[in-house]
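In what follows, chains are A, B, ... by sequence order, proteins preceding strands, each numbered from 1.
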Amino acid sequence: MKEFKRYTVTTALPYANGPIHIGHLAGVYVPADIYVRYLRLKHQDVVFIGGSDEHGVPITLTARKEGVSPQKIVDRYHNIIKDSFEKFGISFDIYSRTSNKIHHETAASFFKSLYDKGEFIEKTSKQFFDDAENQFLADRYIIGTCPKCGAENAYGDQCESCGSSLSSDELINPVSVISGNKPVLKETKHWYLPLDKYENWLKQWILEEHKEWKTNVYGQCKSWLDAGLFPRAVTRDLNWGVKLPIPQAENKVLYVWFDAPIGYISATKELRQDWEKYWKDSETKLVHFIGKDNIVFHCIIFPAMLKQEGSYILPENVPANEFLNLEGDKISTSRNWAVWLHEYLEEFPNKQDVLRYVLCANAPETKDSDFTWKDFQARNNNELVAIFGNFVNRALVLTHKYYDGKLPQPSEITQVEQEIREEVFRIKSSIEKNIENYKFREALKDFMQISRIGNKYLADTEPWKLIKTNPERVKTIMYYSLQLCAINVILSEVFLPFTSLKLRNLLNMGKTDWEDVLKFDLLKPEHKINNAELLFEIIDDEKIEKQLNKLEKTKKMNELSEKTIDPQKEEITYDDFVKQDIRIATILEAEKVEKADKLLKLLVDTGVDKRTIVSGIAEYYKPEEIIGKQVCVLINLAPRKLRGIESAGMILMATDQDGSLKFISPEKITQNGSVIS
RNA sequence: GGCGAGAUAGCUCAGUCGGUUAGAGCGCAUGAUUCAUAAUCAUGAGGUCGGCGGUUCAACCCCGCCUCUCGCUACCA
């Protein structure tokens with residue numbers, strides 16, 4: 001293992017288009033915070049970097065919707081997010097933002113240095129342009145009729161009605177969101193990062209030199225690298241973002257994925273004059289904490305940028321987590337299926353550590369995991385209250401009862417105490433090993449083991465009985481119990497910072513560092529401790545019910561909104577309608593199209609002729625069960641090649657509420673070629 | 001269709017290099033206990049390690065095929 005002099009730890013920049021929820025915390029910020037708190041306790045030189053990602057199209061859309069400037073939007077969410085992190089004790093050295101001047105300068109000069117080296121490819125392509133507003137339109141700025149489900153108001157990149165991903169040139173009747181005008185195609189120039197050129201060294205660096213990365217991360221990278229990389233545009237036509245520092249690039253900004261990771265560097269710059277040693281010295285260990293959606297950016301694209309720039313180090317590890325579900329369903333911002341941090345803070349005041357504990361204990365380290373309120377309650381009541389809180393309380397209460405709150409002078413040590421010392425030694429090194437290998441769930445279990453040992457110690461030795469027969473022995477027992485509490489102060493500083501502080505105050509304990517864990521004299525005889533106070537309180541069913549009801553309500557709201565029927569489209573004339581030549585036809589043959597999940601190749605008798613039509617219905621109909629079926633076919637639609645097969649027409653389908661497709665068939669057998677009007 | 005990750009106790013998850021009887025926490029059952037927030041401690045029940053085949057003296061682990069879940073990707077007129 002290579003030894004490092006210092007650490008640069010970054011966390012994915014949350015997108016400032018909404019508040020943050022437990023998924024963010026569990027996947028990225030809690031693990032990163034544990035890692036960093038641990039390093040600090042070991043007196044390592046570390047910078048812990050976070051910040052808001054404030055550019056990109058969705059923010060401009062929110063701004064437009066609300067009729068305010070994008071800066072207004074990001075100011076709002078940046079503050080909410082920053083506040084949530086602070087209140088949860090995520091101990092960033094700096095929480096910055098990409099709308100800062102220093103970031104704009106850093107990102108622009110990063111681009112410039114790659115540009116000057118000739119790293120980019122320039123390409124001209126045609127994109128939609130709004131004449132009235134005199135600007136190019138991102139996919140998200142174009143709406144139109146979805147070519148798949150016919151819903152209006154589909155975005156240029158995705159139809160929210162049927163969920164299919166689109167590209168803006170597919171939309172029927174595209175309209176500019178900004179002016180309402182029909183956009184025109186116009187040439188525009190962009191700069192591309194030729195990732196394909198870096199394939200060789202990326203393969204060597206990841207696949208050969210970083211086999212120790214988590215399997216999910218390594219596998220995902222291998223998948224991308226094996227598939228082959230392609231040049232990727234680093235610029236966009238937009239006026240919200242980092243302006244290009246080159247001439248003839250009016251109204252062009254850096255693509256948000258290019259500027260966001262540079263935000264880590266800008267924030268470090270903002271934090272420290274000597275920032276360069278955290279980014280350019282090979283004795284620095286760079287670690288990116290992210291969610292699995294970000295793997296390709298942090299393992300392939302950002303490293304490519306850093307390496308080609310020339311002066312930067314590459315990440316040593318990218319411990320990406322999977323996703324956290326909520327009560328069995330995917331967390332979704334747009335469907336409001338989430339536990340928002342700012343709401344939790346209000347509804348569970350002073351219980352930050354409970355959530356930190358639950359999210360760490362059940363973190364999606366190796367696969368998606370599920371947050372349930374029942375589990376939250378159980379872990380609080382059965383683990384934090386019953387094991388940790390209870391042990392500390394027992395030790396404190398007994399000390400007050402027998403010794404008026406002063407540590408007794410221990411007498412002889414027995415085999416039991418010797419074994420406890422050995423266990424603590426073992427636990428400490430296990431926590432170290434687990435944290436250093438990003439196994440925070442295991443490390444947290446190790447930590448709880450201290451209190452389990454304590455509870456067993458008390459149950460086995462029964463000081464409340466011995467006090468009558470062997471008071472000298474009790475002194476040793478209580479002394480050792482309190483030392484275990486003191487050890488908990490140090491260990492919990494990593495996982496449960498608020499509780500750690502509270503316990504430290506209860507014990508009247510001074511400064512400590514990580515290695516003190518092995519000392520069994522952190523508290524000296526005669527040392528006075530404060531009155532016992534509970535570290536955690538039981539969470540009753542009522543509180544949990546309340547949360548479940550809240551989610552139930554959200555579910556009902558969503559169902560209601562999903563049941564809304566698309567509004568009627570704009571009026572057309574009879575002439576418009578009769579342009580479509582729709583006929584009754586019979587399916588003669590049907591087979592699956594190879595290497596396509598959704599496609600069936602059909603031979604239909606339209607009455608006019610027999611023709612081949614490729615249709616995206618394979619998920620809903622098996623080829624053998626539809627032969628002989630009569631359907632409606634739009635026969636004068638311009639033919640188009642699909643997967644290499646010429647498709648002449650379109651089978652009309654009804655899209656049901658769940659997105660499934662159903663044939664429109666005549667009620668009785670009807671002559672093929674019959675006109676539908 | 002291609003690729004990646006996963007499937008182990010009722011629940012949530014560990015399982016190193018192939019090696020004796022597959023582990024933990026929670027939950028459950030029984031007992032002990034009363035210092036402690038009905039908390040604690042001990043003991044126990046509970047497993048075809050997703051399915052089928054193969055390699056091997058020996059497979060949760062390696063290989064092949066299949067099923068299901070999640071993700072990336074192609075495809076959608």
Determine, for nucleotides 11-16 of chain B in 5'-to-3' order, which nucleotides have protein heavy atoms under 4.0 Å from the base (write B), from only the sugar-phosphate (write S), or from neither (write -). -SSS--
Salt bridge check: are A:R426 and A:E422 linked by an N-O gap of less than 4.0 Å?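 Salt bridge: no.
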To the nearest Å, give me how far apart CG (A:L634) and P (B:C76) are.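 Roughly 17 Å, once rounded to whole Å.
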Please tell me which of the listed nucleotides, [options], lies nearest to the side chain of [X]?
X	options	answer
A:E383	B:C76, B:C35, B:G25	B:G25
A:V397	B:U33, B:C26, B:C35	B:C35
A:K598	B:C70, B:G4, B:C75	B:C75
A:K592	B:G6, B:G25, B:G1	B:G1

Show which side-chain atoms of residues 385-396 of chain A pair as donor or acceptor with protein atoms under 3.5 Å away, not counting sequence neighbours.
residue, atom, partner, partner atom, Å
A:N390, ND2, A:A386, O, 3.4
A:R394, NH1, A:N455, OD1, 2.9

RNA chain B base-pair string [pairs: Watson-Crick or G-U under 3.5 Å; |: paired with another strand]: (((((((..((((.....[...)))).(((((.......))))).....(((((..]....))))))))))))....
Measure the acute angle between the ring planes of A:F376 and A:F371, then classify it against the limits of 30° and 60° as parallel, tilted or perpendicular.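 A:F376 and A:F371: tilted rings.
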Pairwise 5' ranking along RNA chain B for A:A378 and A:K401, keeping only the more 5' one: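 That would be A:A378.
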On RNA chain B, does the nearest nucleotide to A:F323 precede the nearest nucleotide to A:V593 from the 5' side, or the other way round? Give the residue.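 Checking each residue's closest nucleotide, the 5'-ward one belongs to A:V593.
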Hey, can you pull the donor-acceptor pairs under 3.5 Å for the side chains in residues 288-296 of chain A, sequence neighbours left out?
residue, atom, partner, partner atom, Å
A:H288, ND1, A:T10, OG1, 2.7
A:K292, NZ, A:E322, OE1, 3.2
A:K292, NZ, A:D368, OD1, 3.0

Please classify the nucleic acid contact of [X] as base, sugar-phosphate, or nothing, using heavy-atom distances under 4.0 Å.
X	answer
A:L600	nothing
A:I613	nothing
A:Y218	nothing

Would you list the protein and nucleotides 39-45 of chain B atom pairs, both N or O, that sit under 3.5 Å from each other?
residue, atom, partner, partner atom, Å
B:A39, O2', A:A386, O, 3.3
B:A39, O2', A:N390, ND2, 3.0
B:U40, O2', A:R394, NH1, 2.9

ring-ring contact (aromatic ring centres under 6.0 Å, His included) pairs, two or more places apart, involving residues 453-489 of chain A: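 Those involving residues 453-489 of chain A are A:Y480-A:F520.
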Test of understanding: with salt bridge (Lys or Arg N to Asp or Glu O under 4.0 Å), list the residues that count as partners of [X], not counting sequence neighbours.
X	answer
A:D446	none
A:E591	none
A:K222	A:D226
A:D581	A:R583

Can you name the side chain to side chain contact (heavy atoms under 4.5 Å, CB included) partners of A:N470, sequence neighbours left out?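 Side chain to side chain contact (heavy atoms under 4.5 Å, CB included) list for A:N470, sorted by chain: A:L466, A:E472, A:R473.
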Taking B:G27 as the reference, what is the distance to B:C65 when you measure between their P atoms (whole Å, please)?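 My reading of the P atoms in B:C65 and B:G27 gives 43 Å.
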Can you list every salt bridge (charged side-chain N to carboxylate O under 4.0 Å, His left out) pair that touches residues 369-382 of chain A, not counting sequence neighbours?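 The answer is A:D375-A:R379, A:R379-A:E383.
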